[in-house]
Every structure is written in structure tokens, then in C-alpha cells.
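The figures here come from the full heavy-atom set of this structure, side chains too, leaving out hydrogens, waters and symmetry mates. Just so it is clear: chains get the letters A, B, ... in the order the sequence lines come, proteins before strands, and each one is counted from 1.
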2 protein chains.
Amino acid sequence: MELDDYIAQSARQSQTMADAIAAALRQAISEGALADGAPLRQAELAEKFRVSRIPIREALLKLEREGLVETRPRRGTVVTALDADAFQEILEMRLALESLALRLSIARMQEPDIAAACTILRQTEDALRDPPTTHDRSKEFETRWGEVNWQFHRALYHACGRPRLLETIDNLHLLFARHLRVRLEIIAPTRTGHESRDVQKNRSEWAGVVQEHRDLLDACQARDVSRAEAVLERHIRLNGDELVRRLVAAR
Amino acid sequence: MELDDYIAQSARQSQTMADAIAAALRQAISEGALADGAPLRQAELAEKFRVSRIPIREALLKLEREGLVETRPRRGTVVTALDADAFQEILEMRLALESLALRLSIARMQEPDIAAACTILRQTEDALRDPPTTHDRSKEFETRWGEVNWQFHRALYHACGRPRLLETIDNLHLLFARHLRVRLEIIAPTRTGHESRDVQKNRSEWAGVVQEHRDLLDACQARDVSRAEAVLERHIRLNGDELVRRLVAAR
DNA sequence: CATGCACCGTATGTATACAATCTACCGTAT
DNA sequence: ATACGGTAGATTGTATACATACGGTGCATG
């Protein structure tokens, strides 16, 4: 997918070009279309998006805010590269803030909130029952699954009614997901002969995740804060530590 | 203090005008020189800072990132107004993240870190022993004290070695401190006749804060994580809840 | 042969100029 | 009198053009 395609999606729903471009770049970077440290030259992007460098610069500033890119004055902007330490740090922050959001959320959760989370959980299960067959669809599936997976978490936190907290959590997740994807591709690139085994392995991993989600929802319904937090902590830690381990092993 | 003065301070140490202007505006807003909801018109700022609107726009984008201002497309930028709920939210986030930072910090603290915190604590005590006499100096004193107070917290968290975490905490504190200042001015404006009583009251409050800081440092030296966290939580909560109470009572 | 310096290409930072849109005011019609 | 629509002013968003600093290459020199 080229940058040109990203822009078309968000062009009309944003009120300014800078916003649309920021959204397009955000998605492109998040999907791993640009490698760690890849330079983002203003003139090049301006040509691609058919705008001047002004909205490009403003879009890059927004991305810098989110930690997706880094700019050194007069030396340009590059996609942020996160090492294992940074990954660990983001994980710890997620743990602290998502625990907080969950705790606050449980106290204020109503029926509709639980119903929404339940619906998404079912979608997750459906997605899991319909595994990808070809290699091309495997990656698409992975992306889709990652999204719906995060939607579930968001649904649980939504009732907390803390906009800044939710925004920060979203931001951290974005960073997390991007580097999760990039690193996994580097560490375990899907080779032609090993597709099915990789998918198989992921399927069983994901089944575990779904189970944890179910536990989480149960605890929320029961308004059992301490159990919910324990499950969430374990949930995040399991996935995160697993990855940090692979990262450390790979370097 | 006029905006022109702010710029002079940071003009030479920043590499771009946008950065310098962002720093100047940040300080101005933080000090409460601009009221909640005050409009920041680009042309006006451009004239004040003797630059074009381009670096102004970029500075405003940086401030938007930090939550100090809010921009609605084609409708301009205003200083962010925080209500009691937002204040509560920021307090909760501080609690979660500062606890995390402190916990991580204690595990990695070395002698120099403790010595640095100790030095700052002593400065705090000195500042307290030298109270302001005139009304003009009272506000200046308050600002200075707030800074050194925060420096102590920073010193404690510094050893954690988590740059993103520290940045986020700093950002939250900036928002917190700004609105603390603005709200207190609104709620209890220092009238000519009541200066000394106000200062007196603040002095006893602050003495309590210093005592808590000492407890905190003790717990860190003893590497007693749970005690340190308990003291910190109580410390932040006391100050915060006190303010939220006043805010709610005042509206 | 290594090292330091000067020049040039390239990319970013900023100024000026133009376009688009929002707000406020005023006139008109009901 | 009030509500509605249109126009003018002001303000933001973007394009184009210019200024400036960084990095590399080549040459001169010790």
C-alpha cells in the first residue's frame, strides 16, 4: 500500500490537510510500512501528497508528539526506533495506566458498556474461527485481529470517562503495536515453507488471549476490581514480557 | 512580564524560533499570565515575537501536544480550561505514573541520586525559612517554591531511567501546576489586608509538605518501596484533593 | 599518506503572499 | 420585534520563494 492510498481514506473526513496527512502517515508507520529510522523528507512527502511542505511539517509535528517520529532541528525527521528498554518502559506505563482506567471503569460500568465489550469479544472469537489460508491473507488477518483485540480493551476502559487517560493509553498502544509488528517481522519473518506452522502457533497463542479476555470481562461484570486488575496485569505482562524476551534474545 | 521578555530568555538556547516561542509561551501560560480560554491569535503573536506566523503555528502545535492549548480548525487556538473533573483526572494519572517512577527509581538509586535529592530538600527548607515580606515578593516566592518543590520530586524519579515516563510526568505536572496557580488566584485572591495571614497559612502548609518530603527521602534511602509509595500517594492526594475540594466548593 | 579546510549540494527553517472559511453585523421580510 | 439571509472583515490554512545550516567531497598542506 502506497502513501497515496492512505491519504484518500482520511482526506475528506479531516478538516485540514495537515490532519489528513498526519492520519495517513500515522497509519502507514503503525502498519510497519516504514522501517525504524527511515527518513521522512519533507519535499518527498510533499510531492507524494501533492501539497506544499507546510502541511507536511505540521503533520510531522503531530506525529512527533505521539512519539512515532523524531526530529532533530535542521537534520530531518526519522521514524522512531525503539529498543528493548523503550519497549519495556512503554509496557510498564501501559500497565500502570490501563490498570487505573480499568479500576475507574468498573466502578462506573453500565449494562451497555458490558454488552459492547461482549459483542467485540464475540467478534474476536469469530475472527479466530476463520483462520487465513494463504500467506497474503495471513498478514491481513493479523492486522485485523490486532485491531479487534485492541477494540476490546478500549471497550473495557471506555466507561472510565477520563479522556486524557484514554488518549494516553491509545498513544502508548499505538507505539507498542507498531514495534510489536516490526520486531516480530524482523525476528520471525514468515518464510514460504513455514507459513502454516507460524499461523498455527499464533492461533493457539491467540486462543489464550481470548480466554484471558473472557476472564477479564467476567471480573468486570462481577465488579471484582482486584481480580480484574490481576488478570489484566497478567494479560499485558504475558504478551509484553514474551516479546521483550524475544527482542533481547534476538539482539 | 510581557511575552517579549519570555522570548529573550530562551531565544539563544533553542535552535529554532518555533522552539523558543513554544518555550516562551509555555512559561507564560504556566505562570498564569494568560487566563483560561484566552485566545492566541497568530497574527498578534507573530507581531509580538517579530516573526512570521509559520513558527507561531508550529509553536502552538507543540503546546497543543502538551495539552496547554486547544485548537479547533479554522477557529483558532485558546488556552485550555480545565474543570474539576479534568483536574481529578490529571491527579489520578500523576498518582499512577509517579508511583511507578518512584518504585523503579528506588531499585536503581545510587548515592549521588540520594545526595542530589538531599541537597534540593535542604534548599526547600532554606526557602521556607526566608519568607517573603512584601506582597510583591509573596507571589515570586510562591513560584520559586513551587519550582524547587517539583525539583525534589524530579530528583527522586530521575534514577528510574525511563525518559518517556519522566516526560509524561513532567507534562502532567505542568498542567497541574498551571491550574493550581490560576484556580487559587481565582478562589483566594491576595487582598491587600490579608497578605500576612495568607502567607502564614501557606507557610504552615508548606512545612507539612517538607516533612512529607523528608519521610519520602527516608523511605527511599531505606529502599522501602511500599512505605515510599504510601507516603507519595498520601502526599499527592493530600495536596490534590485539597484543591479539588476547593474547586468544587467554589463553582 | 593523513589531516584540515573550503566549497557546494541538499534539506530544513522562515518570510511573504494568496485562498478559503468563519464570525459578526446589518438589512430585510414575516 | 424577531428571525433569516447576505455581505464584509478578520483569521486561519496553504502555496511559493528565500535564507540558512548541515554534510560530504575534493584539494591543498604538513
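For A:Arg154, the CZ atom counts as loosely surrounded, since its 6.0 Å shell holds 12 or fewer non-hydrogen atoms of other residues, nucleotides or ligands.
Atom CG of B:Asn149 and atom NE2 of B:His173 lie 7.0 Å apart (nearest 0.5 Å). Note that the CZ atom of A:Arg94 and the CD1 atom of A:Ile90 stand 9.5 Å from one another [nearest 0.5 Å]. Atoms CZ and CD, from A:Arg72 and B:Gln15 in turn, are 10.0 Å apart once rounded to the nearest 0.5 Å.
Listed by first and then second residue, the ring-ring contact (aromatic ring centres under 6.0 Å, His included) pairs involving residues 61-90 of chain A are A:Phe87-A:Phe176 (not counting sequence neighbours).
Here the closest heavy-atom approach between residue A:Glu89 and residue B:Pro163 is recorded as OE2-N, 3.3 Å. Nearest heavy-atom pair across B:Leu60 and B:Val69 is O-CG2, 3.8 Å.
In terms of position on DNA chain D, the residue among B:Ile54 and B:Leu40 whose nearest nucleotide sits closer to the 5' end is B:Leu40.
Think of the region where chain A sits on DNA chain D: with heavy atoms and a 4.0 Å cut, that region ends 5' and 3' at D:dT14 to D:dG23.
Applying the side-chain contact (heavy atoms from CB on, under 4.5 Å) test between A:Leu172 and each of A:Glu98, A:Met93, A:Glu66 identifies A:Met93 as the sole match.
Qualifying ring pair (Phe, Tyr, Trp, His ring centres under 6.0 Å) partners for B:His158, counting only residues two or more places apart in sequence or in other chains: none.
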Hey, can you pull the donor-acceptor pairs under 3.5 Å for the side chains in residues 34-45 of chain B, sequence neighbours left out?
from	atom 1	to	atom 2	distance (Å)
B:Asp36	OD1	B:Arg178	NH1	3.4
B:Asp36	OD1	B:Arg178	NH2	3.3
B:Asp36	OD2	B:Arg183	NH2	3.1
B:Arg41	NH1	B:Glu44	OE1	2.7
B:Gln42	OE1	B:Arg53	NE	3.1
B:Gln42	OE1	B:Arg53	NH2	3.2

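Distance CE (A:Met17) to C1' (C:dA19): 14 Å, rounded to an integer number of Å. Distance, B:Leu45 CG to C:dT14 C1': 16 Å, rounded to whole Å. Going from atom CZ of A:Arg53 over to atom P of C:dG13 covers 8 Å, rounded to whole Å.
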- Message: Does the protein touch nucleotides 5-10 of chain C at the base, only the backbone, or not at all? Give it as B, S and - per nucleotide, heavy atoms under 4.0 Å.
- Response: ------
- Tell me, with the steps shown, if B:Glu147 and B:Gln151 meet side-chain hydrogen bond (donor to acceptor under 3.5 Å, both in side chains). CA-CA 6 Å; B:Glu147 266 171 33; B:Gln151 285 308 313; over 6 Å; no
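Within the shown strands, C:dC5 is the pairing partner of D:dG26 under the Watson-Crick or G-U definition, both distances less than 3.5 Å.
Within a heavy-atom distance below 4.0 Å of DNA chain D, the residues of residues 57-79 of chain A found are A:Arg74, A:Arg75.
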